[in-house]
There are 2 protein chains.
Amino acid sequence: MDTDERIALAMAELLRKQGYAATGINQLARAAGAPTGSLYHHFKGGKREIAAAALRQTGAAYIQLLPLLLDAHDDLATGIESLFAEAAEDMRDTGWANMCPVGTVTAETADTEPELRKVAAEVMETWVEVGSRYFTARGLSEADSRTVVFAVLSALEGAFILARGMRSAEPFRAAGRTLGTYVASLRDEQPKTPARTRAQTGQRHHAPVPRGESPGPPRARQTPNAAG
Amino acid sequence: MDTDERIALAMAELLRKQGYAATGINQLARAAGAPTGSLYHHFKGGKREIAAAALRQTGAAYIQLLPLLLDAHDDLATGIESLFAEAAEDMRDTGWANMCPVGTVTAETADTEPELRKVAAEVMETWVEVGSRYFTARGLSEADSRTVVFAVLSALEGAFILARGMRSAEPFRAAGRTLGTYVASLRDEQPKTPARTRAQTGQRHHAPVPRGESPGPPRARQTPNAAG
DNA sequence: CTCCCGGTAGAACGGTCTCTCTAGAGAGAC
DNA sequence: GTCTCTCTAGAGAGACCGTTCTACCGGGAG
């Protein structure tokens, strides 16, 4: 692997674990197996530029997981629920450490590092674009696709944080269930009509959601038990 | 205001904006209007202890907003949606800077500062407890209450991050809509503890809702710590 | 051989970090 | 007046920060 890729990868790993400010250049050099001079040879912009490269790299990799995980499910609602379950499993297996560095860095530096905030915004916009294209391809209206993408991303990032703090998979279960239910309600509400009407009327979602007989809504209610 | 409170408050503000690692003791001293020595006089544990106090203080203030904002709505679903709308408005009004310090610090330090992670976990567990008690009082089953609380908290924290990065209120709109829909679906699905009766008779909830457990509940607007 | 060059090394620099230390102001007791 | 205790005040210690700088290595061109 090329040195610059290795550096960016090591940076992504450190950002994921401890954020931007706490990650030192020397620590990064050690982790990447490169001397300090090499870091500045490959990235003239120093720490900031390396972090930007790491964010872009990670962002591109993460959004590929969306189709990868959802394609396996014919029903989008169950697919989304299992996506959250997978994320939870992954976090638990890595000792509640596996978190998206984009979220961490954004939370930490949005006010103090304008350049990094811009990079994070670009990454997120790519996520929204790619994701909403995918959901549109799976049959949702454009407006609904956008809503679902934003909701999924928000819930994921938030569940990362809660799970990381509480060392519990419960945030993922809850987020997965609510989003699965929402997507199911979209499917049941408008089997074929272009959702333009629903989106325009706006307040419609407070009306009773038809939950009649449906092939595969998220599974029946279960009592949430604390995950150790 | 007492010096130690002022210190913790200034710390909360800084954590909110730039996280734990990037916040220096001297910067904090300047912000709090206290010399370095006073910081260590009031908090022998130094930076870490001040951060812990700030997290506890903020956490207690934030969860009070839940009943404060939701009590205004007879319908829980619309209440939740408007809660997200309020959060979005507040962030926009503060230049996309108003974020929960608990989330930022957890994301940043969960692996490197075990003590802070534990404090964050306690705060989050309090949120879940208080919140699920509230939703139970509003007519949801205990299991549903817990799910809704986790989903709301996850979506909120995640929307904070996305909105902060993208400078857009869209994450809040999407999260509010999906969660409103979910709560509405719960209401429509199991009218055995009839929400209708509750709404019509005007006999409104609040039996065991914890109110006034603190001398000064925050204002109805978000930013319980509005002392820049 | 020399010259050049992408890349590897890491020492050195000025600055900032957290934390400790000493000094003293102010109030109350005697 | 002195003694004590709480809190303010900030200089200083020692470590580490991001960055820059110089030195070195290997190999293709002349």
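For the numbers below, each heavy atom of this structure counts, side chains included, while hydrogens, waters and symmetry mates do not. Below, chain A is the first sequence line, B the second, and so on; all start at residue 1.
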Query raised in the report: Between the main-chain N or O of L70(B) and the side-chain N or O of R138(B), is there a donor-acceptor pair closer than 3.5 Å?
Result: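 Yes, R138(B) side chain to L70(B) backbone: donor-acceptor pair under 3.5 Å.
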
Requested in this report: Could you tell me whether the side chain of E113(A) and the main chain of R48(A) form a donor-acceptor pair under 3.5 Å?
Outcome: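 Checking the backbone N and O of R48(A) against the side chain of E113(A), no donor-acceptor pair under 3.5 Å is found.
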
Report task. Please assess F150(B) against F172(A) for the test ring pair (Phe, Tyr, Trp, His ring centres under 6.0 Å), listing each intermediate value before the final yes or no. Result -> CA-CA 8 Å; F150(B) 270 110; F172(A) 284 101; over 10 Å; no

Rounding to a whole Å, what distance do you find between [X]:[atom1] and [N]:[atom2]?
X	N	atom1	atom2	value
I7(A)	dT8(C)	CD1	C1'	11 Å
N26(A)	dG10(C)	CG	C1'	10 Å
Q18(B)	dC17(C)	CD	P	10 Å

Query raised in the report: Take atom CD in E115(A); do more than 12 heavy atoms of anything else shown fall under 6.0 Å from it?
Result: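 For E115(A), atom CD is not crowded (no more than 12 foreign heavy atoms under 6.0 Å).
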
Query raised in the report: For T3(A) and dT8(C), is the shortest distance between a side-chain N/O and OP1 or OP2 below 4.0 Å?
Result: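 Affirmative; the distance criterion is met.
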
Query raised in the report: Which residues, if any, of residues 38-54 of chain B bring a heavy atom under 4.0 Å of DNA chain D?
Result: S38(B), H41(B), H42(B)

Query raised in the report: How far apart are the closest heavy atoms of A151(A) and L179(A), and which atoms are they?
Result: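 What the structure gives for the nearest pair is CB-CD2, 3.6 Å.
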
Report task. Would you mind classifying the nucleic acid contact of G37(A) as base, sugar-phosphate or nothing, using non-hydrogen atoms under 4.0 angstrom? Result ->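 Base contact.
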
Query raised in the report: Checking all strands, does I25(A) fall into the base, sugar-phosphate, or nothing category for heavy-atom contacts under 4.0 angstrom?
Result: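 Base contact - I25(A) has a heavy atom under 4.0 Å of at least one base atom.
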
Query raised in the report: So which nucleotide does dA23(C) pair with, by the Watson-Crick or G-U wobble rule with both distances under 3.5 Å?
Result: dT8(D)

Report task. Searching all strands shown, indicate the nucleotide that pairs with dG26(D) (Watson-Crick or G-U wobble; both distances under 3.5 Å). Result -> dC5(C)

Query raised in the report: What's the closest nucleotide to the T36(A) side chain, out of dG10(C), dT20(C), dA9(D)?
Result: dG10(C)

Query raised in the report: When you look at K17(A) and T104(A), which way does the side-chain contact (heavy atoms from CB on, under 4.5 Å) test go after all the steps?
Result: CA-CA 9 Å; K17(A) 279 188 202 147; T104(A) 312; over 6 Å; no

